[in-house]
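Only one structure is covered here, and it is reproduced in the block below.
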Amino acid sequence: MEKFEVIVVGAGLAGLSAAYALAQEGVEVVVIERGDYPGAKNVTGGRLYTRPLQNYLPELWKEAPFERPVTNEIVTLISSDKSLTLRFRSDEFARPPAHSYTVLRGTLDRWLSRKAEEKGAMLVTKNRVDDLLKKDGKIVGVLAGGEELGADVVIACDGALSLMAEKAGLRSPGSPHDYAVGFKEVIELPAQTIEDRLGLKGQEGAAQLFLGDLTGGKFGGGFLYTNRSSLSLGLVIRIKDLAEGNPLKEAPTFLDEFKERPEIAPLIAGGEMVEYSGHLISEAGFSGLIRPFADGLLVAGDAAGFSLNVGLTVRGMEFAVASGVLAAQAVKQAREKKDFSATSLSAYQTLLDDSFVLKDLKTFQHAPAFLDNPRLFQHYPQMTGDLLQSLFTVGLEPKQKFSTTIREKVSWSEAWEILKDLRKGLKV
Ligand SMILES: Cc1cc2nc3c(=O)[nH]c(=O)nc-3n(C[C@H](O)[C@H](O)[C@H](O)COP(=O)(O)OP(=O)(O)OC[C@H]3O[C@@H](n4cnc5c(N)ncnc54)[C@H](O)[C@@H]3O)c2cc1C
């Protein structure tokens, strides 16, 4: 049986970061990826927060093929026939290195794989890992393409529904309550058109999140990110909610209808759809975390549950990079001791506990419970739209005081419900 020091399963950001960090320490590492090339099967909305990465492969990010620095944060509440948009712009977000950048995974992951290969990592694509090899209860390699490959350590970076973590007994099959499915189109447009339509200064970029009627009251929301010469447009809906409703609506229909909304149609008019993708995303946050180590195995990135949606920010990519690098550090320590047991590899857990990855996931552990509220996805966007409609309208009759209109639209029982929801929000 051919044997390597480390086998990484999955060439996403977690797997490639682990491979890069290991290869630069002279560790023999092979990455096995089922896609045609790194990035081919990877989906993100599209924004990477780069500041948390300053301590993780810092030399790399200066030359990474990012799309646009995000200087404009836009949030839009959508009801059936109205919408309210809040826009925040910051010069500080534009100053290099910018706070966050839009990215295209086909470009970013391929570039990172080349960097890892330059350091000495081996990459095998179009090859699916089907199983873990075990000996005396320890993981000693993988079964890929019918071939047995041995390793001192396997690092599972195989994404949100990690088969490897499941095979190792670290996670059980996911519940539809804890996962959402995301659909995304990349729509090409000239850079100048994007800048004009989104009101952007030069190379600056925007990130826009949508909440409300676009998901038909279901848990989820929409997103739009500006790349150099394309827009990433998509939406996310929780799987449990997709399976409810009569009649059932096909998930991609939500995206088709979203594209026809007056808030979106003019932005994408004349654009060419060059990519369509769908992917799972964990919405469980801290409560969805698994033990990320076993005898001969580490788990990083989405595979370990490291993703976090707190409404205003959606994060997963920088967790993937950081956890990949920390997994590499844990392997390095285990290698020095020549001990790849679970006890030795548990140093990974300590490294994670001390990092922003677990600290942020813990800080925002109440976010999933706060977001698990149907009123956020239909009632509040509708109520806000109706209230603003009344405040802005000057009709035939003499206009009443704003306070009277507000009292009419927001009853005492409604105000009480709002207070209860705000109280939950204060935990986030
Ligand atoms: C719609 C959507 C929007 C998102 N928006 C954002 C955002 O704006 N910002 C953000 O930071 N995060 C966002 N995320 C989350 C982010 O994309 C993930 O956290 C990130 O991609 C995780 O990287 P990863 O390397 O852990 O996993 P992945 O990128 O999923 O990589 C896993 C890799 O493993 C490979 N693989 C799987 N199984 C096998 C196997 N058996 N054998 C070989 N290879 C295998 C896959 O092909 C894939 O290449 C979003 C996710 C979705 C779905």
Side-chain angles (χ1 to χ4, degrees), residues 7-19 30-50 52-53 67 70 100-106 108-110 112-113 123-132 142-145 149 154-167 179-185 207-209 220-225 232-237 239 251 255 277-283 292 299-310 312-324 327 357 360:
I7 292 177
V8 175
V9 184
L13 291 179
L16 293 169
S17 302
V30 61
V31 187
I32 306 178
E33 165 59 43
R34 64 182 174 168
D36 288 354
Y37 55 87
K41 292 207 174 271
N42 311 70
V43 181
T44 199
R47 175 242 291 272
L48 172 66
Y49 291 95
T50 43
L53 294 183
E67 293 292 317
V70 177
S100 69
Y101 290 89
T102 54
V103 299
L104 287 169
R105 294 291 295 272
L108 183 66
D109 292 24
R110 247 187 294 192
L112 188 53
S113 72
L123 174 68
V124 180
T125 53
K126 300 181 198 169
N127 218 311
R128 199 183 64 211
V129 175
D130 294 314
D131 211 343
L132 293 170
V142 300
L143 179 71
L149 301 169
V154 174
I155 309 183
C157 302
D158 50 339
L161 278 185
S162 176
L163 182 69
M164 297 302 115
E166 209 176 308
K167 296 257 182 200
Y179 288 88
V181 61
F183 292 91
K184 173 181 156 187
E185 290 186 8
Q208 186 164 6
L209 296 179
F223 58 82
L224 183 139
Y225 295 98
S232 293
L233 177 73
L235 54 76
V236 171
I237 304 184
I239 294 186
L255 183 52
S277 54
H279 205 277
L280 281 188
I281 180 167
S282 167
E283 295 286 348
V299 190
D302 271 13
F306 299 146
S307 65
L308 181 61
N309 171 10
V310 298
L312 284 183
T313 57
V314 179
R315 300 168 61 190
M317 287 189 283
E318 80 269 25
F319 292 156
V321 170
S323 59
V357 177
D360 285 4

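As the structure lists them, so they are numbered: ligands from 1, and atoms in each ligand from 1. All of these numbers come straight from a predicted model, not from anything done at the bench.
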Subset of ligand 1 atoms that lie under 4.0 Å from at least one heavy atom of R105 | 17 (O), 20 (C), 21 (O), 29 (O)
Based purely on interatomic distance, does F183 place a nitrogen or oxygen under 3.5 Å from a nitrogen or oxygen of ligand 1?
-> no
Any non-hydrogen atom of K184 lying under 4.0 Å from ligand 1?
-> no
Please name all residues satisfying side chain to side chain contact (heavy atoms under 4.5 Å, CB included) with L163, sequence neighbours left out, ordered by chain then number.
-> D158, K167
Less than 4.5 Å apart, any side-chain heavy atom of V103 and any of T44?
-> yes
Could you list which atoms of ligand 1 come closer than 4.0 Å to a heavy atom of G301?
-> 26 (O)
Please state whether D109 comes within less than 4.0 angstrom of ligand 1, counting heavy atoms only.
-> no
Short list, please: which atoms of ligand 1 are under 4.0 Å from a heavy atom of V314?
-> 5 (N), 6 (C), 7 (C), 9 (N), 10 (C), 11 (O)
Quick one: does G15 get an N or O within less than 3.5 Å of an N or O on ligand 1?
-> no
Taking the non-hydrogen atoms of I32, is any one of them nearer than 4.0 angstrom to ligand 1?
-> yes
Contact (N/O only, under 3.5 Å) between S307 and ligand 1 = no
G182 heavy atoms, cut-off 4.0 Å: which ligand 1 atoms fall inside?
-> 1 (C)
Atoms of ligand 1 less than 4.0 Å from A14 heavy atoms?
-> 25 (O), 26 (O)
So the atoms of ligand 1 within less than 4.0 Å of a heavy atom of G159 turn out to be 27 (O), 30 (O), 32 (C)
Give the numbers and elements of all ligand 1 atoms closer than 4.0 Å to a heavy atom of G316.
-> 10 (C), 11 (O), 12 (N), 19 (O)
Among all protein non-hydrogen atoms, which one is nearest to atom 32 (C) of ligand 1, and what is the separation to 0.1 Å?
-> C157 O, 3.3 Å
Is L13 close to ligand 1, meaning an N/O of one under 3.5 Å from an N/O of the other?
-> yes
Using a heavy-atom cut-off of under 4.0 Å, does the side chain or the backbone of I281 touch ligand 1, or both, or neither?
-> side chain
Can you find an N/O atom of K41 closer than 3.5 Å to an N/O atom of ligand 1?
-> no
How does R315 reach ligand 1, if at all, at less than 4.0 Å between non-hydrogen atoms: by side chain, backbone, both, or neither?
-> backbone
Backbone, side chain, both or neither: what part of L280 comes under 4.0 angstrom of ligand 1, heavy atoms only?
-> backbone
Tell me, please: is L163 in heavy-atom contact with ligand 1, that is, under 4.0 Å?
-> no
I would like to know whether R315 and D360 meet salt bridge (charged side-chain N to carboxylate O under 4.0 Å, His left out); could you show each step before the answer?
-> CA-CA 10 Å; R315 300 168 61 190; D360 285 4; 2.8 Å; yes
Given that the side chain starts at C-beta and the backbone is N, CA, C, O, which of these parts of Y225 lies under 4.0 Å from ligand 1, counting heavy atoms, or is it both or neither?
-> side chain
Does the N or O separation between N127 and ligand 1 drop below 3.5 Å for any pair?
-> no
In terms of residue, atom name and distance, what is the protein heavy atom nearest to atom 6 (C) of ligand 1?
-> T44 OG1, 3.1 Å
Any atoms of ligand 1 less than 4.0 Å from a non-hydrogen atom of R128? List them with their elements.
-> 40 (C), 41 (N), 42 (N)
Kindly write out the residues that satisfy side chain to side chain contact (heavy atoms under 4.5 Å, CB included) with A207, not counting sequence neighbours, or none if the list is empty.
-> R47, V70, E73, Y225
Side-chain heavy atoms of K184 within contact of L233, under 4.5 Å = no
